[in-house]
Amino acid sequence: MSVDAPPLPAASNYVGGEWSPSRSGRTYEKRNPARPSELIGEFPASGAEDVDAAVGAAAAAYPAWSRLPAAGRAAVLLRAADALEASVEQIARDMTREMGKPIREARLEAARGAQILRYFAGEAWRPKGELYEQSATGATVYTLRRSLGVVGLITPWNFPAAIPVWKTAPALIYGNTVVLKLAQEAPLTGLHIARAFDEAELPAGVLNVVVGRGSEVGAPLVRHPDVRAISFTGSVPVGREVREEATRLGKRVQLELGGHNPLIVLADAPLGRAAEAAYAGAFWSAGQKCTATRRIFVQDTVYDDFRRLLLERIERGRVGDPSDPETEVGPLVNERQLEDVLAAIARGRDEGGIVLAGGERAEGEGYLVPPTLFEDVSDDAMLSCEEVFGPVTSLYRFATLDEALERANAVEFGLSASIFTSSLESAQRFVDGLEAGILHVNSQTAGADVHVPFGGIKSSGFGPHEQGRAALEFYTEVVTVYHDV
Ligand code: UN1
């Protein structure tokens, strides 16, 4: 069964509570990566003048929004959650059509949007400061957290519902107003978020959504003097530019960047579960997650068994049309990503890696590469060190847990990591020694609960983490009040 394509949507920016084309009138075409001959729609190719208008609207809306009681802001988030939830199926279908995420994952992600909004609505009733006594007098001294003002959010195409919501929801609940720059490859999903807030009667200008290229929208947003803080999710090179520019201008900046996430399988692991986690972690969403499993370290005594189980799982996996609810692995997002992934596979082979499965573009019009598994890749080869944003992962053999931890840590990234073991002691050594911001014991490297911090260390992230109560740190600033009577 395949889902039907809905009619082409009217696509615009959302600025000051109005749906509007780009000021220049320029547009770009968005095509379906599973069927590039199918046009999804024409979207605004926005520029600096659109950013100016959006920041102006956000600045004008800020005083009233920030003074509203937090419970009033929460009411808007809760209504937006209902609106998103009512259109989960439509959002999921649009997501699948515009960026190729298999519909079964797209549905889960769209539903997660409503959950994130509800969690952050709850922040209205949680503490925003701490109470102390002054040393000299015993009178009160307390901290309070205040909103920043206008914040700029720059989001990627690979989680086009979850990431815009997990930045927007905390920004708004703590009293900021927002300019959200959507990824060029996934505008339609993000515009559903604007529509949900519009239906929720968010006051005009509190959330402004602008579609366009990073260089034409992202860069002016980072530079804009009225934008106090920038939260960015994307690639390491662009993230570094954003950090340099934002810090040069004295702005607060938060980066969520790439990963090169290891999964360690010990000899005492439940091997079937580990193979399942390796498959899902490496290949769901065609490996286009910063949390995807890129390196699989397997203890030598079970290496051959695990390799067989994973190859069997790859053989059984459903690869193809992402609008088919059975499909597990769909296309890459665009032709450039396809070319980058194929070039990385070619380099992996040139550097001595052996392809055990996949390795070639699939037949047909879509940008599809089947799950690709390497072995015999050396630790200093490109595939072992650099993030390849596609369904490509490598198997490595190791003897001891110490060796596995050392090799797993030998990359510049530190986002997520997993271990499969039935030993409490080994699990604890992994938790103590693995350099990553998100650790999984007996589960796959991808996935993120709304109520706990999400973020990487080393080159994978910068600034406070996202989600959970960690979001309070980034979207507010601390004021200390000495209160004598
Ligand atoms: C997840 O693993 O569900 O862009 C979330 C990314 C991450 C989000 C991953 N920032 O892939």
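Starting from 1, each residue takes its place in the sequence as its number. We count ligands from 1, going down the list as the structure has it; atoms in each ligand are counted the same way.
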Distance under 6.0 Å and angle within 45° of ring axis: R126 vs Y119: yes

By side-chain hydrogen bond (donor to acceptor under 3.5 Å, both in side chains) - contacts of K289 (at least two apart): E105

Side chains of Y279 and T293, donor plus acceptor under 3.5 Å: no

Under-4.0 Å salt bridge between R429 and D432: no

For R318, side-chain contact (heavy atoms from CB on, under 4.5 Å) partners two or more places apart: D324, E326, E328

Residue shell around ligand 1, heavy atom under 4.0 angstrom: R112, N158, F159, I163, W166, T233, K289, C290, T291, A446, G447, A448, F454

Non-neighbouring partners of P170 that pass side-chain contact (heavy atoms from CB on, under 4.5 Å), sequence neighbours left out: F120, Y174, A471, Y475

